[in-house]
Amino acid sequence: MKTCDVWVFHVGRGVAGAIRTPAGKWIIVDLGASSDFCPVEDFLLNNLPIEKEGERRNLEQLIISHPHNDHMTALKRFDENYTPGFLTVPNDNDGQNDKKKVNWERIQNPDDELTNYLREKVLLGRQPPLVAVKDNTEGFHFEIYYLDPHVCENDEDLSTSNYANNISIVARVYYKGSVVLFAGDMMKDGMKKLIDTTGLGKRLEDSGVHFLVAPHHGLRSSFSVDLFDKMKGGKSALNIISEKETIADSNEIVDERYGKEDYASGHKVQIDGESVSKRKIRTSVVGHIRMRLFENGNRLVTTGDVVL
Ligand SMILES: [Zn+2]
């Protein structure tokens with residue numbers, strides 16, 4: 001039976017995900033990494049091995065939701081081994097509509113090493129189209145949604161301090177009625193704008209979300225009531241938190257609502273070989289996560305190193 005597999009890796013703090021479409025195409029969504037786990041070294045090179053020493057292998061698509069270090073730690077390692085057919089990242093390449101160009105001065109990172117690598121080594125010479133790779137398997141759709149950087153910088157509804165997060169590319173996987181949503185690091189204001197001004201709103205109404213990779217690592221400051229309100233049924237089945245380092249007693253902690261009945265109906269999850277019903281799972285607790293969407297509409301969520 002055909003499946004679509006979607007992974008969210010435990011990268012300590014940050015986000016790294018992968019999608020294998022029913023036809024076997026690969027889409028990488030963000031490249032966070034930790035000292036214990038690198039999505040390139042410990043996953044991709046095993047599943048998509050390099051056939052000839054020193055050669056790069058093609059894969060269908062790399063999406064860097066936005067140029068923050070916790071979403072591209074393994075970018076160099078990726079670039080040394082793979083060439084993506086589509087390189088999808090907010091960017092400023094010549095030839096693009098000005099409204100889509102990133103203002104790099106508004107991108108803050110602890111250091112510029114990765115941003116410089118992205119701009120000078122990965123993006124240079126490419127005209128990355130902000131489009132989603134196609135897989136024509138019946139019942140499968142992959143889509144991306146984003147706000148133009150110009151809007152994030154100038155729209156009066158949006159705080160400019162949220163600029164770098166609100167330019168995030170949001171990715172939606174649909175297979176035979178099952179939906180996974182990668183929400184990037186969208187802030188509340190940006191998520192509302194995205195729902196109101198792109199086709200995402202209608203998709204949410206029509207098909208809902210089964211597995212939500214929570215916006216901005218599940219932090220309180222990004223909990224979007226608008227997102228849940230728009231979803232068919234008003235809740236997801238399971239909320240997935242890819243961790244960021246959190247500071248106690250601040251706004252920077254995972255929002256408890258992700259685990260509440262109002263925001264998740266619950267879904268079976270395989271943890272250490274046992275099937276447990278969960279509303280929210282965190283990578284820091286369960287480790288790596290794989291969501292398997294079956295052709296017949298069934299869904300299986302498995303956690304731990306067995307999914308690698
Ligand atoms: Zn982040």
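Side chains are part of it too, since the values below use all heavy atoms of this structure and drop only hydrogens, waters and symmetry mates. As the structure lists them, so they are numbered: ligands from 1, and atoms in each ligand from 1. Everything quoted here is computed from the prediction, not taken from an experiment. When a residue number appears, it is its place in the shown sequence, counting from 1.
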Taking only Lys NZ, Arg NE, NH1 and NH2, and the carboxylate oxygens of Asp or Glu, determine whether [X] and [Y] approach each other closer than 4.0 Å.
X    : Y    : answer
D148 : K100 : yes
R257 : D255 : yes
K192 : D226 : no
R172 : E143 : yes

Criterion ring pair (Phe, Tyr, Trp, His ring centres under 6.0 Å) against W26, the qualifying member of W7, F142, F78: W7
N, O or S atoms of the protein lying under 2.8 Å from the Zn ion (ligand 1): D70 OD2, H71 NE2, D185 OD2, H217 NE2
cation_pi(R57, Y82) dist<6.0 Å, angle<=45: no
